[in-house]
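Note that ligands are numbered from 1 as they come in the structure, with each ligand's atoms numbered from 1 the same way. What's counted below: heavy atoms across the whole structure, side chains too, no hydrogens, waters or symmetry copies.
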Amino acid sequence: MGRPAIRIATAGDERELAVIDHATWSPQVAPVPLWPLETPFFNDQTSPGNVLVAQEAERILGYVKLRPSPMPASDGHVQEINGFAVAPQHQGRGIGHLLLDAALQLAIERDARRITLRVLGSNTRAQAIYLAHGYRVEGRLVGQFLIHDHYVDDVLMARELRSENEEWSR
Ligand SMILES: CC(C)(COP(=O)(O)OP(=O)(O)OC[C@H]1O[C@@H](n2cnc3c(N)ncnc32)[C@H](O)[C@@H]1OP(=O)(O)O)[C@@H](O)C(=O)NCCC(=O)NCCS
């Protein structure tokens with residue numbers, strides 16, 4: 001199989017993205033109970049312009065969400081990955097790597113200085129791919145979630161985009 005194309009999502013991708021989101025839920029990777037399949041993928045928190053999709057032969061295989069940090073006093077210099085999934089039958093093909101490369105390029109185009117994300121302590125596979133892409137653990141909210149009777153950490157990771165020598169002030 002060839003290399004999937006990466007593009008910005010459109011509203012018409014709604015159903016395929018909702019199916020992937022639903023299919024990749026598990027208590028190891030998500031701090032929320034499984035939602036109904038009919039739940040819209042796009043909403044106030046997630047607009048198509050903040051989603052990159054991997055597409056092959058007219059099918060969407062995976063996505064990564066990248067949005068400006070919604071925290072006050074952030075003007076887009078911090079972008080956050082707030083969703084990342086590849087359809088189970090296409091995992092292990094390098095699509096996750098392609099999506100993270102594309103998210104990095106999009107963050108650079110947005111003139112970001114940092115990309116942040118949060119990942120469950122139990123999601124060791126996602127942590128490994130983030131580490132491979134230069135994300136570092138910056139913090140850990142210990143026992144933040146109680147999932148199936150186990151306390152699970154919320155791991156805060158980030159990647160710097162500017163060189164160490166560059167001034168931080170504008
Ligand atoms: C995390 C995720 C997006 C990675 O997508 P992917 O397309 O499978 O990733 P890749 O194929 O690019 O592989 C990434 C790494 O995982 C490894 N991997 C792939 N399939 C694996 C499997 N079944 N078990 C363990 N490792 C596996 C790959 O070997 C690769 O490691 P490498 O770079 O050392 O070779 C995907 O596993 C997923 O959708 N998980 C569920 C949702 C999730 O956890 N999202 C992140 C929330 S923070």
Does ligand 1 have any N/O atom under 3.5 Å from a protein N/O, and what are those pairs and their distances?
| from | atom 1 | to | atom 2 | distance (Å) |
| --- | --- | --- | --- | --- |
| ligand 1 | 7 (O) | Gly96 | N | 2.9 |
| ligand 1 | 8 (O) | Gly92 | N | 2.9 |
| ligand 1 | 8 (O) | Arg125 | NH2 | 2.8 |
| ligand 1 | 11 (O) | Gly92 | N | 3.2 |
| ligand 1 | 11 (O) | Arg93 | N | 3.2 |
| ligand 1 | 11 (O) | Gly94 | N | 2.7 |
| ligand 1 | 12 (O) | Gly96 | N | 3.3 |
| ligand 1 | 12 (O) | His97 | N | 3.0 |
| ligand 1 | 20 (N) | Arg125 | NH2 | 2.8 |
| ligand 1 | 23 (N) | Arg125 | NH1 | 3.4 |
| ligand 1 | 33 (O) | His97 | NE2 | 2.7 |
| ligand 1 | 37 (O) | Arg125 | NE | 3.4 |
| ligand 1 | 37 (O) | Arg125 | NH2 | 3.3 |
| ligand 1 | 39 (O) | Val86 | N | 2.9 |
| ligand 1 | 39 (O) | Val86 | O | 3.4 |
| ligand 1 | 39 (O) | Gln91 | NE2 | 3.2 |
| ligand 1 | 44 (O) | Asn123 | ND2 | 2.7 |
| ligand 1 | 45 (N) | Phe84 | O | 2.7 |

>> Holding to side chain to side chain donor-acceptor pair (under 3.5 Å), I want the full list of residues that pass it with His97, two or more places apart in sequence or in another chain.
In response: His133
> Distance-only, no hydrogens or angles: does the Gln127 side chain make a donor-acceptor pair with backbone N or O of Leu120 under 3.5 Å?
Replying inline: yes
> Partners of Asp44 by side chain to side chain contact (heavy atoms under 4.5 Å, CB included), sequence neighbours excluded?
Replying inline: none
>> Distance check, rounded to the nearest 0.5 Å: Gln28 atom CD versus Asn123 atom CG?
In response: 8.5 Å
>> Run the side chain to side chain contact (heavy atoms under 4.5 Å, CB included) test against Ser47 and tell me which residues pass, sequence neighbours left out.
In response: Asn50
> Has the side chain of Glu56 got a donor or acceptor atom that lies under 3.5 Å from a matching backbone atom of Arg3?
Replying inline: no
